[in-house]
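Dropping the structure in here first, questions after.
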Amino acid sequence: MSQPTQSECLECGLLQRCPPLPRGGATRCVRCGSVLRRHRPDSLERTLALTLAGLVLFVIANAFPFLAFRMQGQVTETTLLTGVAELYRGGQWEIALVVLFTSVLAPGLQLLLLLAVLAPLRLARVPRWLPRLFRWMRTLAPWGMMDVFMLGILVAVVKLADMATIVPGTSLFAFAALILVLAAAQASLDPDLVWSRVALAPAPAPRPGDAHRTCEVCALVTAPGGARDGRCPRCGAALHRRKPESLQRTWALVLAALICYVPANLLPIMTVTSLGRSQSDTIFSGVVFLFSHGMWPLGLVVFVASVFVPLLKLLILVGLLLSVHTRTRWRPRERTRLYRLTEAIGRWSMVDVYVVTILVALVRLGNLASVEAEAGAIFFCAVVVLTMIAAMSFDPRLIWDRLEQQHVRDRRAP
């Protein structure tokens, strides 16, 4: 960027001018400290190369055996989709759809959309459909959870270590490499590079105090009357001054997640049958199993991700909602940081859902050994999904809006 640009912080709502960025530099909001823009050197070439490598690894990861389970001379082999198919056949179609979307469809579509966007840019072309595809890719990004799936594999292998022999397949190594490649592609991608290639009609820049609107996808700041049909002139996303009905939606989702949290922790998430004996496990009993077998680092990770994080996220969201309703002046910058935390940690709670999926896929030897998903897994999956959507529905700019409104009232008071 060679000229100063105008940006609104999507976390505190402050409209500010961003200076030209040096190579590898970044601009932070002067009020809340969030990153507004970041320059990533050679973004187009690096991201395109990583995307192509990721697509090759994605095909390998889905085409070959993933893990093999050997017990008393019997062997079962699995692919990435085996667990999804077994969950669906067992009547747990809700979990099957979530696992299919987060571990296969979302990462695969993200790679395809990246290729569809970056390849034309590399050829110096900007098709009309490019902004829409890039918007879809950005929307899918939070739902790709291959790294969480890999943690689930580690937990599942530890649980089965005393029961049988687990043999890694070709797909597992490709899957591990794919996680690293996709993470590198996301880190090297410069969204501003893509959006800057989209031609825009000349429009007046909004001034502080104007009733401007900012696109939550491409961050374009639009002056009053600068958008047609209430949509962003660059990417086509719906424009709103603030997220519509943010507080009402977030409260509804948080309350639904709180209701699901109780049965998610009390009901068993799976039943393990070994040599004719069955045992049902809850989330907490799974953590106890890891601790009792000396795997305390992994047990601590699972406890934090599956027990502590969902509850912490719910408490933070309730606290943020109450702070907006009461218009408290308490540390708005710290409350904004708490909001960032809820977005960053929520996805890791999916680890237990993936553990159940992997065990159901691997252990399929009838009365000799089998694993079945139980009702607790459905409730727990619902908690994770609901809290993620709740965090996306909450608009952190409301923290600062209510604070500014209170300051105005105080100044007007005699």
Would Phe303 and Phe308 count as a close aromatic pair, with their ring centres under 6.0 Å?
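For Phe303 and Phe308, the ring centres are not under 6.0 Å apart.
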
Let me have the donor-acceptor pairs involving side chains of residues 85-94, under 3.5 Å, with sequence neighbours excluded, atom names and distances please.
unit_1: Glu86; atom_1: OE2; unit_2: Arg89; atom_2: NH2; d: 2.6
unit_1: Gln92; atom_1: NE2; unit_2: Ala373; atom_2: O; d: 3.1

Quick one: does Cys218's side chain get under 4.5 Å of Pro191's, heavy atoms only?
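Of all side-chain heavy-atom pairs linking Pro191 with Cys218, none is under 4.5 Å.
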
Examine the side chains of Ser34 and Arg28 and answer whether a donor and an acceptor come within less than 3.5 Å of each other.
no

Between the side chains of Thr47 and Ser188, is a donor N or O closer than 3.5 angstrom to an acceptor N or O?
yes

Audit row: Val30, Gln16, side-chain contact (heavy atoms from CB on, under 4.5 Å) steps and yes/no
CA-CA 8 Å; Val30 297; Gln16 52 205 292; 3.7 Å; yes

Met145 and Tyr354: CA distance, side-chain angles, deciding distance, side-chain contact (heavy atoms from CB on, under 4.5 Å) verdict:
CA-CA 10 Å; Met145 303 183 190; Tyr354 290 141; 3.4 Å; yes

Non-neighbouring partners of Arg31 that pass side-chain hydrogen bond (donor to acceptor under 3.5 Å, both in side chains), sequence neighbours left out:
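For Arg31 the side-chain hydrogen bond (donor to acceptor under 3.5 Å, both in side chains) partners, ignoring immediate neighbours, are Glu404.
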
Run the numbers on Leu220 and Thr214 for side-chain contact (heavy atoms from CB on, under 4.5 Å), then give the verdict.
CA-CA 6 Å; Leu220 179 68; Thr214 302; over 6 Å; no

Give a yes or no on whether a salt bridge exists between Asp42 and Arg23, defined as a side-chain N under 4.0 angstrom from a carboxylate O.
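Yes.
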
More than 12 heavy atoms from other groups under 6.0 Å of CZ on Phe379
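Counting other residues, nucleotides and ligands, CZ of Phe379 stays at 12 neighbours or fewer.
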
Can the ring centres of Phe380 and Tyr261 be said to be less than 6.0 Å apart?
no

Give, for atom CD of Gln248 and atom CG of Leu321, the distance between the pair rounded to the nearest 0.5 Å.
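Between Gln248 CD and Leu321 CG, I get 10.0 Å after rounding to 0.5 Å.
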
If only side-chain N and O atoms count, and only distance matters, is there a donor-acceptor pair under 3.5 Å linking Ser306 with Trp348?
no

Between Phe64 and Thr79, is the side-chain contact (heavy atoms from CB on, under 4.5 Å) condition met? List the steps.
CA-CA 7 Å; Phe64 293 92; Thr79 64; over 6 Å; no

What's the separation between atom CD1 in Ile283 and atom CG in Asn265, rounded to the nearest 0.5 Å?
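Reported to 0.5 Å precision, the distance equals 5.0 Å.
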
Side-chain donor/acceptor pairs under 3.5 Å, residues 124-141, sequence neighbours excluded:
unit_1: Arg135; atom_1: NE; unit_2: Cys235; atom_2: O; d: 3.0
unit_1: Thr139; atom_1: OG1; unit_2: Arg135; atom_2: O; d: 2.9

Quick check: closest heavy atoms across Ala61 and Ala174, and the distance to 0.1 Å?
N-CB, 4.0 Å

Spacing of CD1 belonging to Ile345 relative to CD1 belonging to Ile316, to within rounding of 0.5 Å
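The CD1 atom of Ile316 is 5.5 Å from CD1 of Ile345, to the nearest 0.5 Å.
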
Using a strict cut-off of less than 4.0 Å between a Lys/Arg side-chain nitrogen and an Asp/Glu carboxylate oxygen, indicate whether Arg340 and Glu11 qualify as a salt bridge.
yes

Thr282 vs Leu267 side-chain heavy atoms within contact, under 4.5 Å:
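Not in contact.
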
Nearest heavy atoms of Ala68 and Glu77, plus distance in Å
CB-CG, 4.0 Å

For atom CD of Glu372, decide whether the heavy atoms of other residues, nucleotides or ligands shown that lie under 6.0 angstrom number more than 12.
no

Looking only at heavy atoms, what is the nearest atom pair of His325 and Leu247, with distance?
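Taking every non-hydrogen atom into account, CE1-CD1, 3.9 Å.
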
